[in-house]
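Note that the structure is a prediction, hence the values are computed from the model and not measured.
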Amino acid sequence: MADEFDFISATDKPALLALCTPEWQQTAQKALKDLGYKVHTAATHSDFLTRFGQIQYEVVLVEELFAANTLGENLTLKALQNMSMGLRRHATIVLLANSFQTFNTLQAFQQSVHAIINSSELPLLGQLIEKAVADNNRFLQGYREIQARGARGKSES
C-alpha cells in the first residue's frame with residue numbers, strides 16, 4: 001500500500017525492478033540505492049506494465065525468468081521487446097540472467113535490452129549498472145541534443 005503513494009520528484013532518479021529471486025532483488029535494491037536511485041519493485045507482469053507506463057524510469061532491471069518458467073514465458077520482457085522505442089527510450093533496460101554473458105552486445109540486442117548482466121557478476125552490480133547507463137547515455141547523446149534543440153526551436157516560434 002505504501003508504494004502506491006511513493007511520489008517521484010523532479011530530482012529523483014527512479015529505477016524499477018522486475019526480479020523474483022529474493023537474493024537478486026536485495027542486491028539490486030542496495031546497489032541502486034547506493035547509486036542514488038529511488039527503487040520501485042514490480043510483483044507481477046501487470047504491476048510492471050502499470051508502473052512502467054506511469055513513470056519514466058531511468059533504470060529498469062528485469063530477471064530473465066521474472067514470473068515465468070522459461071525465457072519465452074517472460075511476459076514483461078516480451079512486452080518491452082514489442083514496445084516502440086519512443087515508449088522505452090528514457091530507460092536503460094538491463095536483463096539479469098543465468099544463461100547469458102555479461103555485456104555481450106549481440107545477446108543484449110537479441111533480447112532488445114541495453115545490457116545483460118550474468119548473475120555470477122552480482123557482487124559488481126552497482127558498477128555494471130553505472131557502466132550500462134553511461135554507455136546508453138553516450139549512445140543517445142546526439143539524439144537527445146537534437147531533440148532538445150528542436151524543443152527550444154518550437155518554443156521560440
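Remark: Ser112 engages Gln81, Arg88 in a side-chain contact (heavy atoms from CB on, under 4.5 Å) (not counting sequence neighbours). In terms of the salt bridge (Lys or Arg N to Asp or Glu O under 4.0 Å) criterion, Lys13 has no residue partners (sequence neighbours excluded). Thr70 meets the side-chain contact (heavy atoms from CB on, under 4.5 Å) test with Glu73; sequence neighbours excluded. Every residue meeting the side-chain contact (heavy atoms from CB on, under 4.5 Å) condition with Thr50, not counting sequence neighbours, appears here in chain and number order: Gln54. Not counting sequence neighbours, the partners of Ile146 by the side-chain contact (heavy atoms from CB on, under 4.5 Å) test are Arg149. Residues that satisfy the ring-ring contact (aromatic ring centres under 6.0 Å, His included) test with Phe66, not counting sequence neighbours, are His45. Scored by the side-chain hydrogen bond (donor to acceptor under 3.5 Å, both in side chains) test, Gln141 finds Glu145 as partners (sequence neighbours excluded).
The ring pair (Phe, Tyr, Trp, His ring centres under 6.0 Å) pairs that include a residue from residues 108-129 number zero, where partners must be two or more places apart or lie in different chains. Sorted pairs that involve residues 94-118 and meet salt bridge (Lys or Arg N to Asp or Glu O under 4.0 Å), not counting sequence neighbours, are lacking altogether.
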Solution key, residues 115-123 side-chain donor-acceptor pairs under 3.5 Å, sequence neighbours excluded:
{"unit_1": "Asn118", "atom_1": "OD1", "unit_2": "Ser120", "atom_2": "N", "d": "2.9"}
{"unit_1": "Asn118", "atom_1": "OD1", "unit_2": "Ser120", "atom_2": "OG", "d": "3.0"}
{"unit_1": "Asn118", "atom_1": "ND2", "unit_2": "Asn98", "atom_2": "O", "d": "3.2"}
{"unit_1": "Asn118", "atom_1": "ND2", "unit_2": "Phe100", "atom_2": "O", "d": "2.6"}
{"unit_1": "Ser119", "atom_1": "OG", "unit_2": "Asn98", "atom_2": "OD1", "d": "2.3"}

Would you be so kind as to tabulate the donor-acceptor pairs closer than 3.5 Å made by side chains of residues 24-34, with sequence neighbours excluded?
{"unit_1": "Thr27", "atom_1": "OG1", "unit_2": "Glu23", "atom_2": "O", "d": "2.9"}
{"unit_1": "Lys30", "atom_1": "NZ", "unit_2": "Asp34", "atom_2": "OD2", "d": "2.8"}

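Here Leu140 is tied into one hydrophobic group with Phe139, each link being a pair of ILVMFWY side chains closer than 4.5 Å.
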